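Note that the structure is a prediction, hence the values are computed from the model and not measured. So that the names make sense, note that chain A is the first sequence line, chain B the second, and so on, each numbered from 1.
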Protein chains: 2
Amino acid sequence: MYLQLQSHLLKDVDFNPEEIKAFTNLLSRQKFNKKTLLLQPGDKVTKEYYVLKGCLKAYYIDEAGQDHIIQFAIEDWWISDFEAFFNAKPAQLYVECLEDSEILSLDKLDLEQLYQTIPKFERFFRLKVTKAFVALRNRVLSGLQNDSKARYKEFCEQYPDLEKRIPNYNIANYLGMSPESLSRIRNSI
Amino acid sequence: MYLQLQSHLLKDVDFNPEEIKAFTNLLSRQKFNKKTLLLQPGDKVTKEYYVLKGCLKAYYIDEAGQDHIIQFAIEDWWISDFEAFFNAKPAQLYVECLEDSEILSLDKLDLEQLYQTIPKFERFFRLKVTKAFVALRNRVLSGLQNDSKARYKEFCEQYPDLEKRIPNYNIANYLGMSPESLSRIRNSI
DNA sequence: AGGTCATCTTGATATACATCAATTTTTAAC
DNA sequence: GTTAAAAATTGATGTATATCAAGATGACCT
């Protein structure tokens with residue numbers, strides 16, 4: 001059950017079948033329609049979400065009313081308001097389905113307990129955060145070092161699956177440029 | 001011994017004295033002069049560094065020969081090429097002293113072993129990475145949402161100790177603007 | 001199919017900020 | 001303390017990209 005999740009787990013840490021079972025037992029499966037909000041600011045964030053199928057975005061709306069996309073998630077990715085999740089603070093982000101999606105949710109309390117009984121999971125999630133950290137660092141670097149066109153090209157190389165699937169204006173937002181600019185860039189390639 | 005490190009450890013996880021002892025036993029202390037490189041591209045990264053005293057920067061030089069500062073570190077901060085450290089890859093970054101500095105270094109192998117004997121340290125470093133992750137996320141957001149002036153103001157609020165201590169052109173680089181712009185901004189405030 | 005709404009494109013204008021160049025101020029070295 | 005080197009400032013100009021506005025294309029609903 002959840003074969004893709006299973007290989008996702010085994011990619012980083014060699015769990016045995018019982019450990020995987022213990023983990024999957026904690027998960028609950030749900031379907032959500034496009035435009036559904038899994039989280040919005042103020043919510044108590046008790047879960048993180050693994051995408052079985054579909055596409056989501058996490059974004060933030062600043063004081064000026066502008067929204068800024070922090071991450072996308074498609075199949076085999078995790079998404080949530082991780083800051084709120086880890087620090088037990090209310091959400092600052094929206095998490096919204098860009099497509100009809102099928103999600104596994106993992107509860108924070110269950111996870112904490114799992115850490116106690118099987119410390120290997122502490123390792124798994126440390127590795128996961130570390131990878132996310134590196135990806136973010138590269139996003140910062142890309143922003144400092146590249147102009148819009150180069151940033152877009154890099155995005156396409158890194159996330160070819162996202163580029164096909166996600167509307168222009170969402171990608172532009174993620175890359176920190178206007179939809180008009182992205183349109184011109186696409187045209188010029 | 002290493003009182004500041006001790007309280008740094010206890011801030012996130014309640015270690016007992018033996019555990020702290022086990023940790024500090026792994027550390028080795030060294031002094032470095034200003035401009036010394038602790039790491040440079042190609043090095044095997046076997047250590048991460050805790051700053052007892054001084055100031056350092058980690059930066060990257062891109063294909064165009066431009067350098068980009070990824071992080072600063074002063075007293076009570078950790079610094080290294082974390083991507084290389086965690087993934088056992090050769091360094092991509094330079095780590096350089098901006099002042100004469102006193103450093104504790106922690107070896108990766110020792111740390112891995114410590115994880116085995118005292119899993120609490122796995123938790124400690126997971127929390128540390130998580131915090132760094134959130135800080136980076138905010139840096140991305142700040143870059144997307146603010147103009148140069150607002151970014152500088154935010155930097156000053158967040159890191160008042162750095163702002164005083166680090167040369168103009170290093171801060172400008174970190175914030176992704178030219179030294180000239182930062183100078184004008186400072187003048188206009 | 002037709003109509004409505006969302007998304008994308010294209011052109012004209014505006015602006016924040018980089019770049020270049022020259023000068024002043026600060027720091028470091030002997 | 002004098003000189004050299006590094007860092008910071010200031011002004012003039014250029015450019016990437018935002019913004020504004022209008023129109024074209026595409027998707028979705030009944």
Side-chain angles (χ1 to χ4, degrees), chain A residues 32-37 54-57 59 62 64-69 72 94 96-101 140-156 162-189, chain B residues 32-37 54-55 57 59 62 64-69 72 96-101 140-156 162-189:
Chain A
F32 298 98
N33 288 328
K34 185 171 170 173
K35 296 203 178 168
T36 305
L37 292 174
C55 181
L56 300 89
K57 63 174 172 180
Y59 61 100
D62 67 24
Q66 287 253 223
D67 62 316
H68 306 280
I69 297 177
F72 298 110
Y94 295 82
E96 179 183 330
C97 298
L98 291 173
E99 304 174 0
D100 295 348
S101 301
V140 171
L141 271 182
S142 180
L144 292 176
Q145 117 189 208
N146 298 324
D147 63 7
S148 299
K149 190 173 199 163
R151 239 150 56 230
Y152 173 65
K153 279 186 180 165
E154 198 171 90
F155 179 84
C156 291
L162 296 181
E163 195 274 322
K164 287 174 220 145
R165 210 160 154 179
I166 293 174
N168 179 339
Y169 68 100
N170 275 323
I171 294 179
N173 180 303
Y174 178 86
L175 292 173
M177 65 183 78
S178 69
E180 292 95 331
S181 291
L182 180 53
S183 173
R184 282 184 250 264
I185 286 167
R186 278 178 160 167
N187 232 299
S188 78
I189 291 178
Chain B
F32 298 99
N33 288 328
K34 185 170 170 173
K35 298 202 177 167
T36 306
L37 292 175
C55 182
K57 64 175 173 180
Y59 61 100
D62 68 25
Q66 286 252 223
D67 61 316
H68 306 279
I69 296 176
F72 298 111
E96 178 184 330
C97 298
L98 291 174
E99 305 173 359
D100 296 348
S101 301
V140 172
L141 270 182
S142 180
L144 292 175
Q145 119 190 204
N146 298 322
D147 63 8
S148 299
K149 190 174 199 163
R151 239 152 53 231
Y152 174 64
K153 280 184 180 166
E154 198 171 89
F155 179 83
C156 291
L162 296 181
E163 196 274 328
K164 288 174 221 146
R165 208 159 155 180
I166 294 173
N168 179 339
Y169 69 99
N170 275 323
I171 294 180
N173 181 303
Y174 178 86
L175 292 173
M177 64 183 77
S178 69
E180 292 94 330
S181 290
L182 180 52
S183 172
R184 283 184 249 265
I185 286 168
R186 277 178 160 168
N187 232 300
S188 78
I189 290 180

S.K.: Could you list where the contact with chain B starts and ends along DNA chain D, reading 5' to 3', using a 4.0 Å heavy-atom cut-off?
M.R.: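 Extent of the interface on DNA chain D: D/dA7 to D/dA12.
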S.K.: Does A/Tyr152 reach the side chain of A/Cys156, with side-chain heavy atoms less than 4.5 Å apart?
M.R.: yes
S.K.: Between C/dT7 atom P and A/Leu98 atom CG, what is the distance in whole Å?
M.R.: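 The distance from CG of A/Leu98 to P of C/dT7 comes to 10 Å, rounded to the nearest Å.
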S.K.: Holding to salt bridge (charged side-chain N to carboxylate O under 4.0 Å, His left out), I want the full list of residues that pass it with B/Lys164, two or more places apart in sequence or in another chain.
M.R.: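 Only B/Asp161 meet the salt bridge (charged side-chain N to carboxylate O under 4.0 Å, His left out) criterion with B/Lys164.
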S.K.: Just how far is it from atom NZ of A/Lys149 to atom CD1 of A/Ile185, taken to the nearest 0.5 Å?
M.R.: 7.5 Å
S.K.: Nearest whole angstrom, please: distance from the P of C/dA6 to the CD1 of A/Ile166.
M.R.: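 In whole Å, C/dA6 P lies 19 Å from A/Ile166 CD1.
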S.K.: Is it true that a side-chain atom of A/Asn33 and a backbone atom of A/Asp100 form a donor plus acceptor pair closer than 3.5 Å?
M.R.: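 No, the answer is negative, given that no donor and acceptor are paired below the 3.5 Å cut-off.
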S.K.: Under 4.0 Å, heavy atom to any atom of DNA chain D: which of residues 140-156 of chain B qualify?
M.R.: none
S.K.: What is the distance, rounded to the nearest whole Å, between atom CG of A/Asn168 and atom P of C/dT7?
M.R.: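 In whole Å, C/dT7 P and A/Asn168 CG are 10 Å from each other.
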S.K.: According to salt bridge (charged side-chain N to carboxylate O under 4.0 Å, His left out), who are the partners of B/Arg184, at least two apart in sequence or on a separate chain?
M.R.: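 Testing B/Arg184 for salt bridge (charged side-chain N to carboxylate O under 4.0 Å, His left out), a comparison that skips the adjacent residues, returns none.
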S.K.: Consider only side-chain N and O atoms of A/Asn173 and A/His68, and report whether a donor and an acceptor are under 3.5 Å apart.
M.R.: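 Side-chain D/A pair, A/Asn173 to A/His68: absent.
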S.K.: Can you tell me if B/Arg165 uses its side chain to pair, donor with acceptor, with the backbone of B/Gly54 under 3.5 Å?
M.R.: yes
S.K.: Have a look at the helix from C/dT9-D/dA22 to C/dC30-D/dG1 and give the angle its two end axes make, five pairs each, rounded to 10 degrees.
M.R.: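 Answer for the end axes of this duplex: 50°.
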S.K.: Does the B/Asp62 side chain pair with the main chain of B/Gln66, one donor and one acceptor, at a distance under 3.5 Å?
M.R.: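 Here the side-chain-to-backbone pair exists.
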S.K.: If you measure from CZ on B/Phe155 to CG on B/Leu175, what distance do you get to the nearest 0.5 Å?
M.R.: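 One finds 6.0 Å between CZ of B/Phe155 and CG of B/Leu175.
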S.K.: Taking protein heavy atoms under 4.0 Å as touching, what does nucleotides 19-30 of chain C look like 5' to 3' if B marks base contact, S marks sugar-phosphate-only contact and - marks none?
M.R.: BBB------S--
S.K.: Verify, without hydrogens or angle tests, whether A/Ser101 (side chain) and A/Cys55 (backbone) share a donor-acceptor contact under 3.5 angstrom.
M.R.: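 It does hold such a pair.
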S.K.: Any ion pair linking B/Arg186 and B/Glu163 (charged N to carboxylate O, less than 4.0 Å)?
M.R.: yes
S.K.: Which distance, rounded to the nearest 0.5 Å, do you find between the OG of B/Ser181 and the CZ of B/Arg151?
M.R.: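 One gets 9.5 Å once the value is rounded to the nearest 0.5 Å.
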S.K.: Once you measure the plane-to-plane angle for A/Tyr174 and A/Phe72, does it fall in the parallel (<30°), tilted (30-60°) or perpendicular (>60°) bin?
M.R.: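 Rings of A/Tyr174 and A/Phe72: tilted, 30 to 60°.
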S.K.: A/Met177 has an atom CE; how far is it from atom P of C/dC8, in whole Å?
M.R.: 14 Å
